[in-house]
Each structure stands twice: as C-alpha cells, then as structure tokens.
Amino acid sequence: MRGVVLWVSGAALAFFVTAGAFLILANLAKVPSDRSLAPDPSSGRSGPALELSLDEDQLASLRALPGQGLDLVVKNEGDRQLSDVNVTLGVSSENTALSDSRYYRQTVQKLPAGEAATVHFDFDLSAPEQTLARASSAVPEPSRKILEIRATTPGGVSGVRTVVLPP
Amino acid sequence: MVLSVAATLVVGCAHSEQDVSIAPLAPASGRVDPGLGPGTRALSSGPGYKGSPSWSPDGGRIAFTVDGYVVDKPADSGELRRWTTRDFVAEDTEWISDDTLVMLGATPSEKTSRSVYRARAGEGSLELEKVATGVLAMSPLPDGEGLVVVLGNGAYESGLALTRADGKVYRLYTNPVGGRVMALSPSPDGKEVIMAVRPPGDLKTSELRVFDLRKGSQKEITRLDGNQEILGTPQWTKQGLYFVAGKEQASPPVDRDGSDTLYNLYHVSTDGGAPKPAPGVGEDFVAASIRVSPDGGRLAVIGRLNPKAPANVYVLDLRTEDLKAVTTNEDMEIKTGPDDLAWSPGGKSVAIVARGTPSTEPEVRAAPASSLLKDFYNLYEIPVEGNDLADEEIQR
C-alpha cells in the first residue's frame, strides 16, 4: 500500500513539474508576439508624443488686436530625441465664411526625449474690416476666434491644441 | 494532486486565451453623447453657425446652412459638399427632389429683399438659378410636388405662386393675401397651406390664414388679440393646426435662460375658431419651435416642461396626446430658429442644432478645431421611437 501511494505521489509530482515547464515555455513563446503588437514610438501614430502646454493667464489676456503674443511649451514625451519639430499657429474665425485665417510657424531644431522647449509666437488677432459686414448679415452673434496649434515632426510625431477664445 | 494540476493547466490556458482575445474598441460610428442623451448622433462637427437642416426625400443626405452658405453631406458619414459661394447668404434650404435644393436667401446685390434660388447636385459648379424674387417665405409641397412661394406685394399685401421642381412658376395666384405672410406650411395632402400673417397696420404676426391652392381661395382661421404674436411656422397635422404664440419679450428665447419666456403651444381646428392650449403638453409647457412628422401624426417640439426646466426635444403623439422627451439635455443650448428642426423622411429621427454653453474664458481642447462638437453649433440626429413609414416605402 505504501509503495502504491509513493508511486502515485511521484507520478503526480512528475506530471506537475512537466506541466509547469510547458506553461513556462508557452508563456516565453508568447512574449515576442506581444512585443510585435506594441506601437512603434517613432511612428507617433499610437498617440501624441508631443505634449503642448499653454498658459491660461496669457490666453485670457489676448485681445482681438494686432501684436498679440503667446508662449507655448512643447514637450517630447517619447523616448527618442526629435528633430525639426514644426510648430504652427493658425488663427481663424468661428465664422467659416470668412477668409481671414493667418498662419505662423516656428521650428524647434532638437528636442531630446523628456525635454521641453518654449516657442513664442507674435501674431495678429484682429478681424479684417472687409469681413465684418458679411459676418453680421449671416451670423447674428459675434464670432469667436480660434487658435489651432499643431506640432509635427518629419517622422510623424504630432500634438494638437485648439483654443476657442470668447468674443 | 491530479485535480490541482488540472486546475493549474486550465487557469494557465485561460489566462493565455484572455490575452489574445481582447477585442479592439469599436469605432464610434458617429454615435456620441454630447449632452443630449444616449443614441444622439452628430451630423456635423467643427466651427460655423449652422442651421436649417433638411433631409433629402430618400433620407440619404442632409443639407444645412453654415455661416450663410449651403452644404450637404451623406446622412451617415462623409464629406461636405458645398452648394453656394460665400457671396450668397442663405436663410433656409429645402430639398424638392433627391438632387435639387431650393434656397431662400440673398446675394450682395439684393440689399433689402430675398429670393428663392434653385441648384442641382452634380452640375459641377456653384451656379444658382433664380426662381423668384421679392420672396417673403417658401415651403416645399409634399411628395415632390414643387414649391409654394410667397411674394411681397408692397408693405400690406402678399401673393402666392407655385413652382415645379424644375423651377418654373406654373401658377401665380391673383387673389392677394392681405398683410405680409411671414411663414407657411402645407397640409398633409398638399392642397392647402396654413400661413402666419402680419395683418396690415399690425406690427405683430397675429393671424392664421388658410389658402386653398386648388381654388385660390383663402379664409381666416384665427386672429390673436392683445399683444400676442405667432412664433415660427404653424404646422398642419392630422389633428388640426398647431402653432406657437405668446407675448413678445426682450430676453432670449427658450434656448437660453428662458425663465420669463411666455410662448406656448396652441391648437386650433382647420375650420377656425379660438385657439386653445395644445392638449398633452401640460399647462406650464414653454414651446419654441415645432415641426409636424411626415405623416402628420406627431409633432416635434423644442421646449421646456416649465420655465425653469432645461430645453429639450419632445415628440407629441397627436392622437393619444402623449408627450415624450427624446433628449435628456443638461448643458446644451438647442437652437430654436423656425427652420432649425427637421424630421427624417421616415419619421424615425429629428435633426436639431445645438452647442454647449459658450464659456467666457478661453477653452483649450486636445483636438483639431474641425473635430470639435460642443464648442460650436452642430447638427445632431435624435432617434425617435416609432416611425411613420417603413424604409421600403421611403425608397419608393
């Protein structure tokens, strides 16, 4: 009887060890396929690796006049240095019938991983006079100004912020 | 021991299976909950003062105005198609066939009057064909029977005309309407129209009048007394005539604070008589704009259950007098212009125009302007329980 119990226990232990080994092997074999599904950080298509930050007080101080200024912090959230980060500021009206959009561009040459750079824009936030008449006839309320800020790299890493300014 | 080993195997395998079976998130397919309730679908996005939604007769496309110009797009998804140039300022646009739009608006040369223009899809240019000038109001007739337009004949008189879908005027009525017709809509059979009229010498739109398009005759339905004014377009339903009226007030209408809004929904028989508060909505109900369903059996109403309640879209079953909210609005401004509410051809949904309450502070969003919804007036499709017609009937 004792021999039988020992034999069964030994067989079960051997089975358990073998099964465990197979499980470990199976999990090891799965690792490469998991890795292949991970997004390529350099592609930037899985999410913005460029974080854009704006100063709320500075935004609140903007007026619909020429000579406005805005500082923008661009941070590289990825793990590789980025080169030639193009930052564009588009100034447009909520009224899409108006063709008064203006665009401004700055370039950050090098942005190491985890680092941030401050980009300054001087821009015109005034409304061209010729557009005011049409705006009033089609839209019965003052149109708001829109700032659209995009940061992109040649490799496709990007970030975007849109600011809707009260009239 | 054997059982524990088996369990270990099962758990191990189940864990592996779980790792690979995580399904990707389903695309939103346009379904959003922008603050109007579940099931709401955005039909547009981005900046622009939008209005006057209108479904094509087959329900495949929806047209609307954006900052005065006219666009349309597939009702499910797809790119905007522009119909007018920036020189044209459209107030209203309506389909009169699956490929033809009519627009009430003005060009820069038309300083004081408005005209009706017609445009066909696929003609490769943005040229408009003028149908009529000096137009006060227009309304398409049911079943693609053309268009009825109201022409201003001086300050105290209006005249009606019928046009076909090709834009040709085929009947000009010689029997004028006393006063200025401010809005009109057809009867379900298209043989008559109900008109909101500003009588001669009256500063307010205070009279309802029916015009028989076959005989060219007309009759007064009712005339409001006191300081009351008709708001928007009266609607001809299977259960009689419905309209919104009340005392003019200086504060914004129902889509804003609205605490002192005095507009109510009224019902009156097609035979005429004194209007009565519409049954089924409750005595505290505050109405803004209304639109009858394609079969004439239901009425979509933008309004409030009471002056302090949020604005919502309601559907009133005119036979059972049952009022149901089809939105659960908490923080959206629903636009209440007379043309800012439209039924889909099958009566399965309504289109409205809404936006979030504008902030007095700069708002920063982590998305391109063209994809923003609540920051600007945009179109939303609101599903409605029950429908007038089966899909197959619409396609026919």
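Note on naming: letters A, B, ... go to the chains in the order of the sequence lines (proteins, then strands), and numbering restarts at 1 for each one. Bear in mind that the values here come from a model prediction, so they are computed numbers and not experimental data.
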Subject >> Full working for salt bridge (charged side-chain N to carboxylate O under 4.0 Å, His left out) between B:R355 and A:E141 >> reply: CA-CA 14 Å; B:R355 69 177 175 188; A:E141 61 183 25; 2.8 Å; yes

**OP:** Determine, step by step, whether A:I146 and B:F376 satisfy the side chain to side chain contact (heavy atoms under 4.5 Å, CB included) criterion, reporting the C-alpha distance in whole Å, the side-chain angles of both residues, the deciding distance to 0.1 Å, and the verdict.
**Re:** CA-CA 11 Å; A:I146 298 169; B:F376 310 106; 3.6 Å; yes

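In this structure, the side chain of A:E94 does not engage the main chain of B:P47 through any donor-acceptor pair within 3.5 Å. Judged by distance alone, the side chain of B:D67 and the main-chain N or O of A:N95 form no donor-acceptor pair under 3.5 Å. Of the possible polar contacts, one joining the A:T162 side chain to the B:A367 backbone as a donor-acceptor pair under 3.5 Å is found. Listed for the B:R365 side chain is no donor-acceptor partner under 3.5 Å among the backbone atoms of A:V164.
For A:L54, the part lying near chain B is the side chain, with the backbone staying farther off; criterion is any non-hydrogen pair under 4.5 Å.
Considering only heavy atoms from C-beta on, B:P358 comes within 4.5 Å of A:R144 through its side chain.
Of all heavy-atom pairs between B:S359 and A:P166, the closest is O-CB, 3.8 Å. Nearest heavy atom pair, residue A:E148 against residue B:S370, reads OE2-N, 4.3 Å.
Of all the listed residues (B:G48, B:A366, B:A106), the one sharing the greatest number of non-hydrogen pairs under 4.5 Å with chain A is B:A366.
Within 6.0 Å of the NZ atom in A:K75, the count of heavy atoms belonging to other residues, nucleotides or ligands does not exceed 12.
A donor and an acceptor atom, one from each side chain of B:Y49 and A:S143, are nowhere located under 3.5 Å apart.
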